[in-house]
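Below: the structure, in structure tokens.
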Protein chains: 2
Amino acid sequence: MQKEKEMKQVPEPTIKRLPVYLHYLIKAREEGAMNISAPAIAKELNLDPTQVVKDLAYTGIKGRPKIGYNIYELIHFVEEYLGFNKVNKAFLVGAGNLGSALMAYQAGQTLGLKILAAFDISESKIGTKTGQVNVLHMKNFSEMVKRLDVTIGILTTPGDVAQKVADEMISAGIKAIWNLTPAYLKLPENVVVQNTSMYSNVAVLLKRLEHSEKII
Amino acid sequence: MQKEKEMKQVPEPTIKRLPVYLHYLIKAREEGAMNISAPAIAKELNLDPTQVVKDLAYTGIKGRPKIGYNIYELIHFVEEYLGFNKVNKAFLVGAGNLGSALMAYQAGQTLGLKILAAFDISESKIGTKTGQVNVLHMKNFSEMVKRLDVTIGILTTPGDVAQKVADEMISAGIKAIWNLTPAYLKLPENVVVQNTSMYSNVAVLLKRLEHSEKII
DNA sequence: TAGATTGTTAATCGATTAACAATC
DNA sequence: TAGATTGTTAATCGATTAACAATC
């Protein structure tokens, strides 16, 4: 349990691991498991058991020594903690391939985000639909943000217009931007920006491959 | 410069930041800059100047006090260091929206990877082409890996077949897998797996948004 | 009861940040 | 020369891992 005042900041690595646990827990639940222990999760996901215990404790779940956690309860706590069971309304801008991928993604499994609409300026895309998400003209963005009270923007435009579109998002009232372009965004301090750079991931992959080849 | 024997391992955060620098440097070069200093990069990308100096030093670049780094040389060193100027041959499996997004991605800007072909089992996708990448039947995967000497596999299938496809990749001779599915892959120790979880990014975004709302 | 696991506190490890000398 | 910046070494900070007590 955490202190009431000055709630200790949860480590970002923990927040990134929780969805990984969640995916595994849902799979384990489907296979009929009733209880699950931290060491069991750790072994499955190749992590340190103590780390799993600590991570799960952040969600507020209470386990029982020797038995572990009730899997239904644990899934509920993790989803609650991450906010994945809430409706997190989002608008997507840039209905290209990556944008369409995210629209389709949420059709099946919930991504934690509810993409209410997508926006673009290309006439060929406007009026189309991917995974139940309609593509609208960008000129309607600002009005729609206010009307539907949307706080999250997903940025999947080409990199060279990313800053311009991000500025538009903010002036329309968006509070958090998930930036999937390679561009670095300069935005006011109070805006939350989450960068997901494909390049960074490729870079890590290549370095690790290089390293593993050196060993052999 | 680094020691010859027992080369110090480069921190992963550094490897992730280098492509961000690179993107900015290329933009700055287009705008006609000849030299650039670490504090200038740091200011632009909202980072610590010392950290930028250290990160760049890993690439082997030599700067000049007061002047900074020659931008052409610096770009060359970063690309060389990351392996982005090499041809890193990759096969993609799962030609859905996300897969198509990656195929299209590299058409314009180079992703550091050269996707030679995509594979799927859906008849409707086989024979199609996205961003100059042809979609072939998965039954040809193994043979093609050997023929073209491909070492990198990009996994963009649905999560429930990810493990099975990953196993196929490895037995065909793939050495590194970029896993863009939410599944955790159980693979031999010597295989490099780079996980890029959309869920983890959403989780961080939501937590940070929640946190920023609490402050106001 | 014995032993595995939770939950917490302490030690370690690694990355970031600060300090400072070298240099152009 | 003076001062900004590189490059390196030291201090700090935060996350991981280890140790251990509590407990079912």
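Every chain is numbered from 1 and lettered A, B, ... according to where its sequence line falls, protein lines coming before strand lines.
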(request) Would you name the heavy atoms of Ser171(A) and Lys146(A) that are closest together and state the gap between them? (result) O-NZ, 4.3 Å
(request) Grab the CD1-C1' distance between Ile61(A) and dG7(C) for me, whole Å please. (result) 14 Å
(message) To the nearest 0.5 Å, what is the distance between CE on Met169(B) and CG on Leu185(B)?
(response) 9.0 Å
(message) Taking Watson-Crick (N1-N3 plus N6-O4 or O6-N4) and G-U wobble (N1-O2, O6-N3), each under 3.5 Å, can you produce the dot-bracket string of DNA chain D? Use [ ] for crossing pairs and | for inter-strand ones.
(response) ..||||||||||||||||||||||
(request) Return the residues of residues 33-43 of chain B meeting this criterion: a heavy atom under 4.0 Å from some atom of DNA chain D. Order them by number, or give none. (result) Ser37(B), Ala38(B), Pro39(B)
(request) Find out whether Val192(B) and Ile152(B) are in side-chain contact, i.e. whether some heavy atom of one side chain is under 4.5 Å from a heavy atom of the other. (result) no
(request) Measure from NZ or CZ of Lys27(B) to the centre of the six-membered ring of Tyr184(A) and say whether it is under 6.0 Å with the direction within 45° of the ring axis. (result) no
(request) Check whether any side-chain nitrogen or oxygen of Tyr69(B) sits under 4.0 Å from OP1 or OP2 of dG7(D), and answer yes or no. (result) yes
(request) Please confirm whether the backbone N or O of Gly96(A) pairs with a side-chain atom of Ser100(A), one donor and one acceptor, at under 3.5 Å? (result) yes
Solution key, residues 84-94 of chain A side-chain donor-acceptor pairs under 3.5 Å, sequence neighbours excluded:
| unit_1 | atom_1 | unit_2 | atom_2 | d |
| --- | --- | --- | --- | --- |
| Asn85(A) | ND2 | Glu80(A) | OE1 | 3.0 |
| Asn88(A) | ND2 | Gly83(A) | O | 2.8 |
| Asn88(A) | ND2 | Gly112(A) | O | 2.8 |
| Lys89(A) | NZ | Leu148(A) | O | 2.9 |

Check: protein-nucleotides 12-19 of chain D nitrogen or oxygen pairs below 3.5 Å:
| unit_1 | atom_1 | unit_2 | atom_2 | d |
| --- | --- | --- | --- | --- |
| dT16(D) | OP1 | Arg17(A) | NH1 | 2.9 |
| dT16(D) | OP2 | Arg17(A) | NH2 | 3.2 |
| dT16(D) | O5' | Gln51(A) | NE2 | 3.0 |
| dT17(D) | O4 | Lys54(A) | NZ | 3.1 |

(message) Both conditions, 6.0 Å and 45 degrees, for the charged tip of Lys16(B) above the ring of Tyr199(A): are they met here?
(response) no
(message) I'd like to know if the side chain of Asn195(B) and the backbone of Ser197(B) have a donor-acceptor N/O pair within less than 3.5 Å.
(response) no
Show me the side-chain donor-acceptor pairs of residues 30-51 of chain A shorter than 3.5 Å, one per line, residues at least two apart or across chains.
| unit_1 | atom_1 | unit_2 | atom_2 | d |
| --- | --- | --- | --- | --- |
| Ser37(A) | OG | Ala40(A) | N | 3.2 |
| Glu44(A) | OE1 | Lys186(B) | NZ | 3.3 |
| Glu44(A) | OE2 | Lys186(B) | NZ | 3.2 |
| Asp48(A) | OD1 | Thr50(A) | N | 2.9 |
| Asp48(A) | OD1 | Thr50(A) | OG1 | 3.4 |
| Asp48(A) | OD1 | Gln51(A) | N | 3.3 |

(message) Nearest 0.5 Å, please: how far is CG in Leu155(A) from CG in Asn179(A)?
(response) 5.0 Å
(message) So His76(B) and Tyr72(B), do their side chains get closer than 4.5 Å, heavy atoms only?
(response) no
Output one line per pair: protein atom, nucleotide atom from nucleotides 20-24 of chain C, and distance, for all N/O pairs under 3.5 Å.
| unit_1 | atom_1 | unit_2 | atom_2 | d |
| --- | --- | --- | --- | --- |
| dC24(C) | O3' | Arg64(B) | NH2 | 3.4 |

(message) Just verifying a value: how many Å separate Lys62(A) NZ and Asn70(A) CG, rounded to the nearest 0.5 Å?
(response) 15.5 Å
(message) Distance check needed: dT6(C) P versus Tyr58(A) OH, whole Å only.
(response) 17 Å
(request) Specify the separation, in whole Å, of atom CZ of Phe77(B) and atom P of dG7(D). (result) 11 Å
